[in-house]
Amino acid sequence: MLSFRPLATALLALAIVGAPAVASAQKFSDEQRSQIESIIKEYLVSHPEVLEEASEELGKRQAAAQAEKHQQAIKDNADIIYNSSRGVTVGNKNGDVTMVEFFDYNCGYCKRAMTDMMELIKGDPNLKVVLKEFPVLGPPSVEAAQVAIAVRMQDPTGKKYLDFHQKLLGGRGQADKARALAAAKDAGLDPAKIEKDMNSPEVRATIEESFKLAESMGMNGTPSYVIGKQVVVGAVGLDTLRQKINTARCGKDKC
């Protein structure tokens with residue numbers, strides 16, 4: 001009887017390395033198909049490490065595809081990402097590397113990320129940071145973002161905004177309109193003007209711009225970053241952010 005073991009092994013190898021599915025073009029009888037399936041099952045049971053290798057390879061390919069997608073999205077939207085007047089710039093406005101952060105005032109991880117950001121600014125005089133409101137956690141977050149954008153409109157220098165940002169994001173309890181207005185007042189801003197401005201077309205356009213950018217780069221949570229040609233999702237920590245900044249600056253983890 002004709003043996004199908006070599007063919008089955010070849011089909012398995014093709015599947016593992018992601019080659020075109022040659023088998024789809026073949027015509028097998030039910031008996032032949034059953035033998036092939038049995039051989040493949042026997043092989044995988046005897047060599048389960050193959051599944052781990054295949055999973056690792058799949059993960060690498062998916063990561064590479066995602067990175068390529070991110071790079072294209074950054075290239076397509078670079079001017080808005082890095083230079084939009086609707087972001088708030090802190091740190092060195094003429095820095096050689098820009099870190100863009102998308103955040104939500106009710107994101108617990110963003111509180112930790114704020115500490116990382118301040119440490120990076122303190123230790124890296126050539127770092128430019130752009131903050132973008134990305135209120136994904138419900139109506140209170142949208143209210144806080146509306147107030148924050150009105151703060152930015154009132155304070156073009158960004159100095160009072162950064163004070164406000166730290167007070168609101170670093171405070172306890174849920175951030176909403178009332179807490180945001182209180183933080184703005186503490187930072188020396190005019191609450192009455194903020195209330196007038198927070199429902200303006202500029203505020204709506206700012207939030208819409210952030211959501212559109214985030215969607216184009218596959219961001220669905222906070223904090224998320226754009227650093228050089230990389231999209232970084234999550235509160236990855238100070239050391240990882242430094243590595244990403246160095247990669248953008250000199251192509252290595254350490255410059």
Can you tell me if [X] has over 12 outside heavy atoms packed within less than 6.0 Å of its [atom1]?
X    : atom1 : answer
E52  : CD    : no
N220 : CG    : no
K167 : NZ    : yes
K159 : NZ    : no

What are the two closest non-hydrogen atoms of [X] and [Y], and how far apart are they?
X    : Y    : value
K132 : I80  : NZ-O, 3.3 Å
C255 : N246 : SG-O, 3.4 Å
A184 : V151 : CB-CG2, 4.0 Å
P125 : N92  : O-ND2, 2.9 Å
A175 : N106 : N-OD1, 2.6 Å
A150 : D197 : CB-CB, 3.9 Å

[X] side chain to [Y] main-chain N or O, any donor-acceptor pair under 3.5 Å?
X    : Y    : answer
Y161 : P156 : no
D30  : R33  : no
R179 : Q174 : yes
K111 : L169 : yes
D155 : K160 : yes
D104 : V136 : yes
S210 : E133 : yes

Report yes if the side chains of [X] and [Y] come closer than 4.5 Å at any heavy-atom pair, otherwise no.
X    : Y    : result
Y82  : V100 : yes
R249 : D124 : yes
T247 : D253 : yes
N126 : V97  : no
P135 : Y105 : no
F103 : M117 : no

Can you tell me how far the [atom1] atom of [X] sits from the [atom2] atom of [Y], to the nearest 0.5 Å?
X    : Y    : atom1 : atom2 : value
I194 : Q146 : CD1   : CD    : 12.5 Å
M118 : D116 : CE    : CG    : 11.5 Å
L120 : T115 : CG    : OG1   : 11.0 Å
E208 : R204 : CD    : CZ    : 8.0 Å
L127 : I121 : CG    : CD1   : 6.5 Å
L162 : Q166 : CG    : CD    : 4.5 Å

Connected via hydrophobic side-chain network under 4.5 Å: [X] and [Y]:
X    : Y    : answer
M217 : M99  : no
L131 : I207 : no
I245 : V90  : yes
M219 : L137 : yes
I81  : V233 : yes

Given Q230 and K244, is the side-chain hydrogen bond (donor to acceptor under 3.5 Å, both in side chains) satisfied, shown in steps?
-> CA-CA 8 Å; Q230 303 174 84; K244 301 296 184 183; 3.3 Å; yes

Compute the ring centroids of F134 and F211, then answer whether they are less than 6.0 Å apart.
->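 They qualify: ring centres under 6.0 Å apart.
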
Can you label the angle between the Y43 ring and the H47 ring as parallel, tilted or perpendicular, going by 30° and 60°?
->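 Y43 vs H47 ring planes: parallel.
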
Determine whether the side chains of Q72 and D76 contain a donor N or O and an acceptor N or O closer than 3.5 Å.
->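 Note: Q72 and D76 side chains meet the donor-acceptor criterion.
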
Do S84 and E209 get their side chains close enough for a donor-acceptor pair, meaning under 3.5 Å?
->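 A donor-acceptor contact under 3.5 Å links the two side chains.
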
Below 4.0 angstrom, N of the basic side chain to O of the carboxylate: do R152 and E202 qualify?
->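 So R152 pairs with E202 through a salt bridge.
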
